[in-house]
Protein chains: 2
Amino acid sequence: MSNIRTVARLAGVSVATVSRALAKPDLVSPRTRKKVLAAVDRAGYKPNLMAVQFRSRRTRNLVVLVPTIANPFFSRVITGIQQRAREAGYQVLLCNTLGQEDIEREYARMVQNFQADGVIQLRAFDPFSNEADAEGAGDDSLLPMVNACEVMPDCSYPSVQLDNRAAARAMTDHLVRLGHQRIGLVKGPQRSPLTRDRIAGYREALEAADIPFDESLLCPGDFSLQSGHRAAGTLITRDNPPTAIFCENDEMAIGAMQRIKQAGLRVPEDISIAGFDDIAFAAYSDPSLTTIAQPAEEFGATAAQLLIDLLEQGPANAPAQVLLPYDLKVRDSTGPAPTSDS
Amino acid sequence: MSNIRTVARLAGVSVATVSRALAKPDLVSPRTRKKVLAAVDRAGYKPNLMAVQFRSRRTRNLVVLVPTIANPFFSRVITGIQQRAREAGYQVLLCNTLGQEDIEREYARMVQNFQADGVIQLRAFDPFSNEADAEGAGDDSLLPMVNACEVMPDCSYPSVQLDNRAAARAMTDHLVRLGHQRIGLVKGPQRSPLTRDRIAGYREALEAADIPFDESLLCPGDFSLQSGHRAAGTLITRDNPPTAIFCENDEMAIGAMQRIKQAGLRVPEDISIAGFDDIAFAAYSDPSLTTIAQPAEEFGATAAQLLIDLLEQGPANAPAQVLLPYDLKVRDSTGPAPTSDS
DNA sequence: GTGAAAGCGCTAACAC
DNA sequence: GTGTTAGCGCTTTCAC
């Protein structure tokens, strides 16, 4: 493998000049630059990026911490991140953490080990938190991180998120206007702020319509198809079942829909179903799913931009907190509440 | 930031000893090791991995080239890769190439730039190919790469794939046994070997049953929901429409199913539908989808293992070519051919 | 505009 | 077992 010295010899210049010709072309004369480029070509020279990064203390790598790449919503977010990063000359290292904190910490440490310049975290968890605590380190300078999608409460990092409360309120309101009074809610993971915000929005809409909040209409879920299926089973077999079910994501809504049809009920004539995220399959379920669309790629692009700003311009006084718009997509899975009660 | 010298001073040993204590603990005495570890802790020392990798000429990074992470099948494969890689002490750098050759080449170059030790390519395309040609380089030593899932014909790299021909044949045979004589086939991307192999299997099954091959029953597709929807539209509105449609992946099958129901036809009473891959949504479509299950995680784990072997033991005489088993999952979307021939 | 030379932080011979 | 030392390939002062 040829190195910078080979090229220098071939071009009849010093290694410093080769380095400059490649990294800062306007610092060398056009003639020299040409000579160097020719030599590079002749030697088949490829700079050893490990050496470059080691020496210049920058990797141009961004680490993305994603709980699961199997989630179609995240894959769109990631695509957005990658596009923006590429434009700015950064590479993206995707880390599938499976939501496990130790894996998350391990990957986040790549920044401390100089393997990456910054982190985009798609989950409400601070992978740097208890390290500093444990060390009793007075190191209060935050590491370069941006939090997107699911954002930590009182987040001291720049963040990008949806107004989940408003979106859930809008969806619940849509159901209320269709005449539904008993609306089931299939929740996401208990600890997620997303879950809490969406429940809050749901409650707000009920209050605004003077419908009493009934805790027993809430069902646990974990964003999987299976959990939606299970939750729907619980809800439709209870006394006085709901006439509509709002699921906190589309997978659970699709799972719920199957369970309802298996029970011989019709969607939306007997029960309306609503989801959240607008994944590709939402438009292809039967009936097609009413849901909240999120600008997923924009989440990614915005998060990448915030991180790049942070890296290249240093931390601002107050970290940016971006709120992105939602879009209520009314399709065929929601309809008027059945008139004959019970 | 503290470095190895700080630690050496603190522990009262040489830098070499610190290096050894960390990388090869059994080469130093327990006492020294303890002293070093204590110093590491006290200094809050984190090795600069850029320096380590630069110096040792190994990154312990594996690059995975994936056409699109939005594909649920790939996300399972990737999970398998990551698990095996982690066990062996490697990190995975996921590169979403969107099937674009220039992006693929760019990422593959990370190996040449010493940013990664090897590549796992999930698409039938050699990102290193025309580089060598262009340079006229006599460099016939293949770069460390493993090809998985969609494998290049006459592949000179180690590879892992399904016996796609046998699988397609099994599925077609399943439909033939149900009495179907006119079986539509929705193809994948034209250039993919997957597509060709599956068509070959389809033809074999027809031949075995003495059913003449009818080219007009083949429809183009690109593995997307939309393309399945479109293809089904074409097939059901033609003269003498097929009584079954075999789609080369599940997304297209789900798209096709929607189109068929929109036309007022029933699945499987009027038309049977079959898919390929067994993604999570396949079991949750209405009716649930008959499909070919692939051991996706195992694809990933096997590919990772082959690459690690290649890296740690050097190339074998003949590259390993692994064939993984398929599993025909008969669900509710396929049934007997309608008796009244129209 | 260019070259000489000093390292970045670490590992790996090689001595002892 | 441990220390000394010579770099890995590159960037970046600092002279000229």
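Residue numbering restarts at 1 for every chain, and letters A, B, ... go by the order of the sequence lines.
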**Q** Keeping B:S159 on the side-chain end and B:V151 on the backbone end, is there a donor-acceptor pair under 3.5 Å?
**A** no

**Q** I need the residues from residues 26-37 of chain B with at least one non-hydrogen atom less than 4.0 Å from DNA chain C; give them sorted by number, or say none.
**A** none

**Q** Could you pull out all residues at least two apart from A:E297 that satisfy side-chain contact (heavy atoms from CB on, under 4.5 Å)?
**A** A:R76

**Q** Using side-chain contact (heavy atoms from CB on, under 4.5 Å) as the criterion, list what pairs up with A:P295, not counting sequence neighbours.
**A** A:L162, A:E298, A:F299, A:L324, A:P325

**Q** Along DNA chain D, 5' to 3', what are the outermost nucleotides having an atom less than 4.0 Å from a heavy atom of chain B?
**A** D:dG1 to D:dG9

**Q** Sequence neighbours excluded and cut-off under 3.5 Å, please list the side-chain donor-acceptor pairs for residues 23-32 of chain A, or say none.
**A**
residue : atom : partner : partner atom : Å
A:S29   : OG   : A:T32   : N            : 3.2
A:S29   : OG   : A:T32   : OG1          : 2.5

**Q** Please list all pairs meeting salt bridge (Lys or Arg N to Asp or Glu O under 4.0 Å) that have one or both residues in residues 78-94 of chain B, counting only residues at least two apart or in different chains.
**A** A:E106-B:R86, B:R84-B:E87

**Q** With A:Q100, which residues qualify under side-chain contact (heavy atoms from CB on, under 4.5 Å), at least two apart?
**A** A:L98, A:D102, A:I103

**Q** Can you list the residues that meet the side-chain contact (heavy atoms from CB on, under 4.5 Å) rule with B:N3, with sequence neighbours excluded?
**A** B:R5, B:T6

**Q** Over all heavy atoms of both residues, which pair between B:Y157 and B:P319 is shortest? Give the atoms and the distance, please.
**A** C-CB, 3.7 Å

**Q** Using modelled atom types and a 3.5 Å cut-off, is there a donor and acceptor pairing between side-chain atoms of B:N147 and backbone atoms of B:Q121?
**A** yes

**Q** Do any N or O atoms of the protein come closer than 3.5 Å to N or O atoms of nucleotides 10-12 of chain C, and which pairs are they?
**A**
residue : atom : partner : partner atom : Å
C:dC10  : OP1  : B:Y45   : OH           : 2.4
C:dC10  : OP1  : B:N48   : N            : 3.2
C:dC10  : OP2  : B:I4    : N            : 2.4
C:dT11  : OP2  : B:S19   : OG           : 2.5
C:dT11  : O2   : B:R55   : NH1          : 2.9
C:dA12  : OP2  : B:K24   : NZ           : 3.2

**Q** Could you state the CG-C1' distance from B:L49 to C:dG9, rounded to the nearest angstrom?
**A** 11 Å

**Q** Just report the end-to-end axis angle for the helix from C:dG1-D:dC16 to C:dC16-D:dG1, five pairs per end, to 10 degrees.
**A** 30°

**Q** Between A:Q115 (CD) and C:dG9 (P), how many Å, whole number?
**A** 16 Å

**Q** Side chains of A:Q53 and B:Q53: any donor to acceptor distance under 3.5 Å?
**A** no

**Q** When the distance from CG of B:L22 to C1' of C:dG9 is rounded to whole Å, what number comes out?
**A** 13 Å

**Q** Answer yes or no: is there a side-chain heavy-atom contact under 4.5 Å between B:F128 and B:V119?
**A** yes

**Q** Tell me the ring pair (Phe, Tyr, Trp, His ring centres under 6.0 Å) pairs involving residues 93-114 of chain A, sequence neighbours left out?
**A** none

**Q** Can you list the residues that meet the ring pair (Phe, Tyr, Trp, His ring centres under 6.0 Å) rule with B:F54, with sequence neighbours excluded?
**A** A:F54

